[in-house]
Amino acid sequence: MRLPIRAVTPETGSAEIIGWVHEIRDLGGLSFFLVRDRTGIIQVTIPKKKVPAEILEVARNVSRESVIRVRGSVKAIDKAPGGREIIPDELEIINLADSPLPLDVVEKVPAELDTRLDSRFLDARKPRVRAIFFIRSAVTCAATEFLASRGCINITTPKIVAAATEGGTELFPIAYFEKEAFLNQSPQLYKQMMMAAGFEAVFEIGPIFRAEEHNTVRHLNEATSLDIEVSFADHNDVMELLEDLIVHIYGSVAKNCADDLAEIGVDLAIPQKPFPRIPYVEAIEIANRSIEEKISFGDDLTPAAERAIGDTIGGHYFVVDWPTDIRPYYAMPYPDRPEFCKAFDLMHPRMELASGAQRIHVHDLLVERIRAKGLSPESFEFYLKTFRYGMPPHAGWGLGIERLVMTMLDLPNIREAVLFPRDRHRLTP
RNA sequence: GCCCAGGUAGUGUAGUGGCCUAUCAUGACGGCCUGUCACGCCGUCGACACGGAUUCGAAUUCCGUCCUGGGCGCCA
């Protein structure tokens, strides 16, 4: 019976482990193997005069990162990692690794990100990299639990679509039999349609595709979005839900991923709610106090502006009350001052994490806004139809999972938060 | 797409016209070593992105191509 390496303690007696050869140190009469699985690392010690010749022969031939099986007696030893080591009775090479390795898993010599991504499976054997993705898993699990506990229904919407969700973003065209189709940039329209279906509260964690030729440390052409939509809620209600979710996710990671956080060297501070709500007009004033290129009313916030505001606030915050003209057509304008709308962005001091709004649920107003954006209501008929037969008022948001993980763990590049990132130039592996 | 910086053994680097059949580390291979934990020591192996130009001479200068990183733009 194979034991996870973490489960092998000085008291274990005898154990069988299977894992990857992390390091080999041959001292002559004594050699040490460090064997790693996803739970940890253990030392296998081979005193050459005391073990059978077959074991010596196997040990002589093994290469780093080979998969081996070791069965033997566990000894308590202060000098070894974890205070224990295995003296093998059996040693088997399950799969011999080629040599040299494309990159150094032990990281005596660091590899550049591009090299690492070319051999991501090996890169992900590094405890530090593995820890990022175990935390990412904890993040999405915590989000799912939390949203389910708030009555949200977990849905899956199509990623192959016939029309753009909104203007602006470029779409990836694909061949769909005899028709033109695209990869969806957002589940926006579909989650709204589920409000018309009477589901009242839905969420989805899924891929979104953007064909923008951006080349930055915070953009991906394939990203993961956590989207929600809630009926009979306004923008304030879903902002509260969002900050509750962020606090819950941080708390859950802090509680359940202490070892992984330590592996990455992150001392996780849990954000305190409520997050400040900064009206757009104030936000540009704050930014303009310290940045060179001033923001004018009606401009989106530049990265420099976001950083300037982030430095001033020092934590997560919302930018609210955006000019209607720079938000998507489905954002609900304030009735008394329609030049502003009930849209918001959730910001981390480093960058934008989420954006949302109370949506327009009134058919004719929506048509008017689509026209005002220079889009054609005809191409949105499948969507507009759902507004004619009892669409409840609703609000929602979309949150970038990679950005959440990136900012939580202070990763320098968003690609660090994706197993196999898709960017302007990378399509493999 | 624009701007800037780059491309040297498997990995990461040094190298601003001749001291370069290229530095150091790591690695691989061989040897010595019974408590290593970045083990140590000895030996060996392995690289100038591609094409062109300048020059007596180019890793080094220039031009082009391809590729990479960062900033900006676009965007979330």
Side-chain angles (χ1 to χ4, degrees), chain A residues 22-34 41-51 60-61 63-65 75 77-83 85 87 97-119 122-123 165-171 185-188 208-227 292-293 299-307 319 326-328 343-348 351-356 397-404 406-407 412-415 423-426:
Chain A
H22 193 64
E23 281 193 72
I24 301 171
R25 294 192 198 101
D26 185 352
L27 271 60
L30 188 63
S31 65
F32 301 102
F33 285 55
L34 294 183
I41 291 176
I42 192 166
Q43 177 165 290
V44 175
T45 301
I46 304 173
K48 291 188 183 167
K49 286 179 182 158
K50 296 180 190 163
V51 299
R60 222 169 49 77
N61 290 316
S63 56
R64 290 165 76 210
E65 295 304 322
K75 299 268 189 291
I77 280 274
D78 287 344
K79 295 171 188 171
E85 65 183 12
I87 314 294
D98 275 359
S99 175
L101 298 163
L103 56 81
D104 177 16
V105 175
V106 178
E107 282 195 292
K108 284 182 187 174
V109 178
E112 290 191 352
L113 185 58
D114 192 51
T115 305
R116 293 171 47 207
L117 293 176
D118 281 341
S119 300
L122 267 181
D123 184 55
T165 302
E166 53 198 87
T169 293
E170 295 288 327
L171 299 169
Q185 67 190 92
S186 158
Q188 179 65 31
I208 56 171
F209 304 91
R210 307 281 165 103
E212 301 287 345
E213 295 191 350
H214 34 50
N215 195 213
T216 78
V217 294
R218 61 188 182 282
H219 292 281
L220 294 163
N221 292 295
E222 180 179 33
T224 311
S225 179
L226 166 52
D227 268 85
E292 293 287 325
E293 298 224 357
D299 291 345
D300 213 335
L301 300 178
T302 60
E306 291 179 354
R307 285 190 294 268
V319 178
I326 57 171
R327 300 301 288 207
F344 59 87
D345 280 355
L346 171 65
M347 309 294 300
H348 176 276
M351 71 187 77
E352 179 182 337
L353 296 182
S355 69
W397 41 255
L399 167 74
I401 294 290
E402 288 84 8
R403 287 187 172 189
L404 178 62
M406 176 190 188
T407 53
N413 190 314
I414 198 164
R415 294 164 181 81
D423 61 32
R424 179 68 185 83
H425 302 290
R426 181 174 289 277

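Protein chains get the first letters and strands the later ones, always in sequence-line order, with residue 1 at the start of each.
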Undergrad: Only stems of 3 or more consecutive Watson-Crick or G-U pairs count here, both distances under 3.5 Å; name the ones for RNA chain B, or none.
TA: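 RNA chain B stems, ordered by first number: B:1-7 with B:66-72, B:10-12 with B:24-26, B:27-32 with B:40-45, B:49-53 with B:61-65.
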Undergrad: By the 4.0 Å heavy-atom rule, please label A:Asp26 as base, sugar-phosphate, or nothing.
TA: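 Touches a base.
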Undergrad: Please list, chain by chain and in numerical order, all residues satisfying side-chain contact (heavy atoms from CB on, under 4.5 Å) with A:Asn215, sequence neighbours excluded.
TA: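 Counting only residues at least two positions away or on another chain, A:Asn215 forms a side-chain contact (heavy atoms from CB on, under 4.5 Å) with A:Arg415.
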Undergrad: Once side-chain contact (heavy atoms from CB on, under 4.5 Å) is applied, do any residues pair with A:Glu222, and if so which ones, sequence neighbours excluded?
TA: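 So A:Glu222 forms a side-chain contact (heavy atoms from CB on, under 4.5 Å) with A:Pro207, A:Phe209, A:Arg422.
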Undergrad: Students often get this wrong, so: under 4.0 angstrom with heavy atoms, is A:Lys48 touching a base, only sugar-phosphate, or nothing?
TA: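 Touches nothing.
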Undergrad: With sequence neighbours excluded, tell me which residues meet side-chain hydrogen bond (donor to acceptor under 3.5 Å, both in side chains) with A:Arg64.
TA: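 With neighbours one apart ignored, the set is A:Asp104.
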Undergrad: Using the salt bridge (Lys or Arg N to Asp or Glu O under 4.0 Å) criterion, which residues pair with A:Glu23? Sequence neighbours excluded.
TA: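 A:Glu23 satisfies salt bridge (Lys or Arg N to Asp or Glu O under 4.0 Å) with A:Arg25, A:Lys108 only.
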Undergrad: By the 4.0 Å heavy-atom rule, please label A:Asp227 as base, sugar-phosphate, or nothing.
TA: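 If one applies the 4.0 Å heavy-atom cut-off, A:Asp227 turns out to touch nothing in the nucleic acid.
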Undergrad: Touch check for A:Pro47, heavy atoms < 4.0 angstrom, all strands: base, sugar-phosphate only, or nothing?
TA: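 The residue A:Pro47 makes no contact with any strand.
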Undergrad: Listing time: all N or O pairs from protein to nucleotides 25-29 of chain B that are below 3.5 Å?
TA:
{"from": "B:G27", "atom 1": "OP1", "to": "A:Lys108", "atom 2": "NZ", "distance (Å)": "3.0"}
{"from": "B:G27", "atom 1": "O3'", "to": "A:Arg64", "atom 2": "NH1", "distance (Å)": "3.3"}

Undergrad: Would you say the side chain of A:His219 and the base of B:C75 hold a donor-acceptor pair, judged only by whether the two atoms sit under 3.5 Å apart?
TA: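 Pair found.
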Undergrad: OP1 or OP2 of B:C3 sitting under 4.0 Å from any side-chain N/O of A:Asn215?
TA: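 For B:C3, neither OP1 nor OP2 has a side-chain N or O of A:Asn215 closer than 4.0 Å.
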Undergrad: Assign A:Gln43 to base, sugar-phosphate, or nothing according to its heavy-atom contacts below 4.0 angstrom with the strands shown.
TA: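 The answer is base, as A:Gln43 lies within the cut-off (heavy atoms under 4.0 Å) of a base atom.
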Undergrad: Taking any heavy-atom pair under 4.0 Å as a contact, classify A:Thr302: base, sugar-phosphate, or nothing.
TA: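 Sugar-phosphate contact only - A:Thr302 comes under 4.0 Å of backbone atoms but never of a base.
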Undergrad: Tell me, please, which residues at least two apart from A:Ala343 pass side-chain contact (heavy atoms from CB on, under 4.5 Å).
TA: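 In terms of side-chain contact (heavy atoms from CB on, under 4.5 Å), with neighbours along the sequence ignored, A:Ala343 is linked to A:Trp322, A:Arg327, A:Ala331, A:Cys341, A:Ala357.
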Undergrad: Base, sugar-phosphate, or nothing: which does A:Leu353 touch, judged by heavy atoms less than 4.0 Å apart?
TA: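 No contact at all - A:Leu353 keeps every heavy atom at 4.0 Å or more from the nucleic acid.
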Undergrad: What about A:Glu212, does its side chain sit under 3.5 Å from the base of B:G73 through a donor-acceptor pair?
TA: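 Such a pair does not exist between side chain and base.
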Undergrad: I'd like to check the side-chain contact (heavy atoms from CB on, under 4.5 Å) partners of A:Pro102; sequence neighbours left out, ordered by chain and number.
TA: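 Testing A:Pro102 for side-chain contact (heavy atoms from CB on, under 4.5 Å), a comparison that skips the adjacent residues, returns A:Ser119, A:Leu122.
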Undergrad: Between A:Glu402 and A:Thr224, is any side-chain donor less than 3.5 angstrom from a side-chain acceptor?
TA: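 Note: A:Glu402 and A:Thr224 side chains meet the donor-acceptor criterion.
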Undergrad: Taking any heavy-atom pair under 4.0 Å as a contact, classify A:Thr115: base, sugar-phosphate, or nothing.
TA: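 Counting heavy atoms under 4.0 Å across all strands, the contact made by A:Thr115 is with sugar-phosphate only.
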Undergrad: When we call it a touch if two heavy atoms are under 4.0 Å apart, what does A:Arg60 touch: a base, just sugar-phosphate, or nothing?
TA: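 Here A:Arg60 touches no strand at all.
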Undergrad: Does any N or O in the side chain of A:Lys48 come within less than 3.5 Å of the main-chain N or O of A:Ser31, such that one atom is a donor and the other an acceptor?
TA: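 It does not hold such a pair.
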Undergrad: Base, sugar-phosphate, or nothing: which does A:Val217 touch, judged by heavy atoms less than 4.0 Å apart?
TA: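 Sugar-phosphate contact only - A:Val217 comes under 4.0 Å of backbone atoms but never of a base.
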Undergrad: So, is A:Arg116 close to the B:G69 phosphate, meaning a side-chain N or O under 4.0 Å from OP1 or OP2?
TA: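 Answer is no, no contact under 4.0 Å.
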Undergrad: Check if the side chain of A:Glu112 and the base of B:U68 share a donor-acceptor pair of N or O atoms closer than 3.5 Å.
TA: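 No, no donor-acceptor pair under 3.5 Å.
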Undergrad: Please list, chain by chain and in numerical order, all residues satisfying side-chain hydrogen bond (donor to acceptor under 3.5 Å, both in side chains) with A:Asp299, sequence neighbours excluded.
TA: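 Partners of A:Asp299 under the side-chain hydrogen bond (donor to acceptor under 3.5 Å, both in side chains) test: none.
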Undergrad: Please confirm whether the shortest side-chain N or O distance from A:Arg218 to OP1 or OP2 of B:G70 is below 4.0 Å.
TA: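 No, outside the criterion.
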Undergrad: Evaluate salt bridge (charged side-chain N to carboxylate O under 4.0 Å, His left out) for A:Arg426 paired with A:Asp114, printing each intermediate quantity in order.
TA: CA-CA 9 Å; A:Arg426 181 174 289 277; A:Asp114 192 51; 2.6 Å; yes
